[in-house]
Amino acid sequence: MNMIKIPCITEQSLYRVEVQRWQKRMKLLEPYTDTIVVLPCSMKKPYSQSKSHSLFMKYSKGLQEVILTSPFGICPRELEKTYPIQSYDASTTGDWSYEEMDIAGKCLKEYVKDKKVIAHVSGGYKKACEMHLDNVVFTCEDDNCRSKESLENLKQEVKKADKISKKAHRIHDLRSIARYQFNTKKADVLIPDDTKTYGKFNIRIMSEKTQIATLHFETGLYTLNLPGGELLNQEKINRVFIDFDLQSNTLFAPGINDADSSIIPQDEVVIIKDNQVVGVGKAMMAGDEMKNSNMGIGVKVRHRIK
């Protein structure tokens with residue numbers, strides 16, 4: 001995928017397709033701890049590479065972190081490297097309109113539900129929390145989130161919270177990305193309980209010494225290997241159906257008998273023949289287009305049974 005910068009300059013950005021899709025899919029995600037730390041966004045992406053977040057993360061370690069941001073609303077820490085959240089440009093002054101605060105606050109409330117929130121925020125970020133959250137503690141003194149006093153407040157509140165194991169945290173993060181990418185909680189199947197990861201940049205997802213998928217540094221999204229396609233097929237996710245032997249790495253639309261309507265361009269898909277997975281690749285069309293088009297490339301095949 002070629003990364004495209006997404007300018008978010010005006011309030012109209014709240015209604016961009018990418019933004020609306022992001023907010024809808026955030027409803028599939030769940031925090032991994034009972035106490036959640038809410039932080040402001042930063043100009044630098046991913047957020048964790050900014051000076052402010054490098055500082056915050058020293059104090060919020062061990063808890064689910066969520067970044068408040070406009071126009072996208074929220075970004076759980078584990079999705080900060082995922083397209084499109086890592087590719088948008090917007091002001092980070094915290095001077096938000098009522099609509100921005102309302103939308104971000106609603107997204108946050110949907111995510112945290114009734115769990116306790118430690119809100120290390122000020123300005124419009126704080127107002128968004130105040131508008132929609134009940135079980136919340138604010139830790140910033142004098143609207144300065146980086147002051148010694150504010151960070152000490154954050155440290156003391158984090159100490160009170162229960163933590164979970166690093167392994168459970170890692171599995172949760174990988175599954176959150178899968179849920180977002182494939183738009184269903186059923187995508188958890190892509191990350192088995194025994195999942196191991198290898199690699200510094202592109203991360204190989206392994207189970208029982210078999211590679212299931214690759215999590216790409218550039219996009220923060222998965223590409224499938226054939227075993228990963230098998231797992232998604234079990235849950236009927238992103239399937240494309242054919243009735244001939246797949247002999248090339250290009251699957252043209254006229255050869256496609258059927259496809260799941262939920263598929264959108266650039267999705268990872270599973271190619272099925274006679275109820276068997278015969279390939280995986282990237283969709284070049286929406287699922288309905290694949291079924292109805294008599295020309296064009298439907299899927300660029302990455303791996304196929306030979």
Side-chain angles (χ1 to χ4, degrees), residues 23 26-27 29-70 72-82 85 92-96 100-177:
Q23 292 176 357
M26 287 302 100
K27 296 177 181 179
L29 307 188
E30 301 162 358
Y32 68 88
T33 51
D34 290 332
T35 300
I36 299 154
V37 177
V38 175
L39 300 168
C41 65
S42 65
M43 183 68 76
K44 190 167 187 177
K45 313 293 186 305
Y47 303 118
S48 57
Q49 293 184 5
S50 68
K51 289 183 179 179
S52 59
H53 279 254
S54 295
L55 187 60
F56 299 153
M57 290 168 66
K58 293 178 181 179
Y59 296 88
S60 57
K61 188 179 296 184
L63 294 185
Q64 174 72 64
E65 297 168 294
V66 181
I67 296 95
L68 268 185
T69 180
S70 182
F72 286 88
I74 63 169
C75 176
R77 175 70 73 188
E78 62 268 25
L79 265 73
E80 67 169 356
K81 297 179 182 179
T82 303
I85 203 75
T92 57
T93 62
D95 184 17
W96 286 0
E100 287 178 293
M101 291 186 290
D102 188 45
I103 289 175
K106 285 177 178 176
C107 290
L108 181 60
K109 177 61 176 177
E110 176 75 27
Y111 179 78
V112 305
K113 295 184 170 56
D114 295 323
K115 294 180 183 293
K116 179 181 177 180
V117 170
I118 302 170
H120 195 70
V121 292
S122 60
Y125 304 104
K126 183 177 181 180
K127 291 177 183 177
C129 294
E130 290 174 331
M131 288 167 64
H132 292 281
L133 300 183
D134 297 318
N135 190 11
V136 56
V137 175
F138 294 100
T139 52
C140 288
E141 297 279 354
D142 300 322
D143 287 338
N144 183 357
C145 295
R146 296 173 65 175
S147 72
K148 184 177 180 180
E149 294 77 12
S150 297
L151 292 171
E152 181 62 24
N153 290 342
L154 176 60
K155 179 181 178 181
Q156 294 305 318
E157 289 298 327
V158 169
K159 276 186 176 180
K160 301 174 186 177
D162 294 330
K163 317 296 192 301
I164 67 170
S165 72
K166 289 184 178 180
K167 178 182 178 182
H169 181 180
R170 179 174 58 87
I171 294 295
H172 166 273
D173 287 358
L174 294 172
R175 286 176 176 168
S176 292
I177 296 168

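Quick note: numbers below take in every heavy atom, side chains included, and nothing from hydrogens, waters or symmetry partners.
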Chemist: Distance only, no hydrogens: is a donor on one side chain within 3.5 Å (strictly under) of an acceptor on the other, for H53 and Y47?
Modeler: no

Chemist: Do the ring planes of H120 and F56 sit parallel (below 30°), tilted (30 to 60°) or perpendicular (above 60°)?
Modeler: perpendicular

Chemist: Please round to the nearest 0.5 Å and tell me the distance separating atom OG of S70 and atom CE of M101.
Modeler: 10.5 Å

Chemist: Nearest 0.5 Å, what's the CD-CG distance between E110 and L29?
Modeler: 10.5 Å

Chemist: Quick one: are L108 and H132 in side-chain contact, heavy atoms under 4.5 Å?
Modeler: no

Chemist: Minimum heavy-atom separation for I85 to K45, with atom names?
Modeler: O-CD, 4.1 Å

Chemist: Are E78 and S176 close enough that a side-chain donor and a side-chain acceptor fall under 3.5 Å?
Modeler: yes

Chemist: Give, for atom CG of D143 and atom SG of C145, the distance between the pair rounded to the nearest 0.5 Å.
Modeler: 7.5 Å

Chemist: Which salt bridge (Lys or Arg N to Asp or Glu O under 4.0 Å) pairs, counting each pair once, include a residue from residues 113-122, with sequence neighbours left out?
Modeler: D34-K115, K109-D114, K116-E157

Chemist: Minimum heavy-atom separation for V158 to K61, with atom names?
Modeler: CG1-O, 4.1 Å

Chemist: Just how far is it from atom NZ of K148 to atom NZ of K155, taken to the nearest 0.5 Å?
Modeler: 10.5 Å

Chemist: Is there a side chain to side chain contact (heavy atoms under 4.5 Å, CB included) between H172 and I164? Walk through the geometry before answering.
Modeler: CA-CA 11 Å; H172 166 273; I164 67 170; 5.7 Å; no

Chemist: Shortest non-hydrogen contact from I118 to T139?
Modeler: CG2-CG2, 3.7 Å

Chemist: Give me the atom names and distance for the closest heavy-atom approach of A104 to W96.
Modeler: CB-CZ3, 3.7 Å

Chemist: Which heavy atom of R146 sits nearest a heavy atom of S52, and at what distance?
Modeler: CD-CB, 4.2 Å

Chemist: Distance check, rounded to the nearest 0.5 Å: S150 atom OG versus F138 atom CZ?
Modeler: 13.0 Å

Chemist: Would E149 and N144 satisfy side chain to side chain contact (heavy atoms under 4.5 Å, CB included), going step by step from the backbone distance to the final call?
Modeler: CA-CA 9 Å; E149 294 77 12; N144 183 357; over 6 Å; no

Chemist: Checking T33 side chain against Q64 main chain: does a donor-acceptor pair fall under 3.5 Å?
Modeler: yes

Chemist: Can N135 and V117 be said to form a side chain to side chain contact (heavy atoms under 4.5 Å, CB included), step by step?
Modeler: CA-CA 6 Å; N135 190 11; V117 170; over 6 Å; no

Chemist: With side chain to side chain donor-acceptor pair (under 3.5 Å) as the test, pick out the partner of S48 among R77, E65, K81, E80.
Modeler: E80

Chemist: Nearest 0.5 Å, please: how far is CG in D134 from SG in C129?
Modeler: 12.0 Å

Chemist: Under a 4.5 Å cut-off applied to non-hydrogen side-chain atoms, are I177 and L79 in contact?
Modeler: yes

Chemist: Are D173 and H169 close enough, and set up right, to give a side chain to side chain contact (heavy atoms under 4.5 Å, CB included), and what steps lead you there?
Modeler: CA-CA 6 Å; D173 287 358; H169 181 180; 3.1 Å; yes

Chemist: I want to check something: taking the side chain as every heavy atom from C-beta on, are V137 and N153 in contact at a cut-off of under 4.5 Å?
Modeler: no

Chemist: Strictly distance-based, threshold 3.5 Å: is any side-chain N or O of Y32 a donor or acceptor partner for the main-chain N or O of L63?
Modeler: yes

Chemist: Is the shortest side-chain heavy-atom distance between I74 and L68 below 4.5 Å?
Modeler: yes

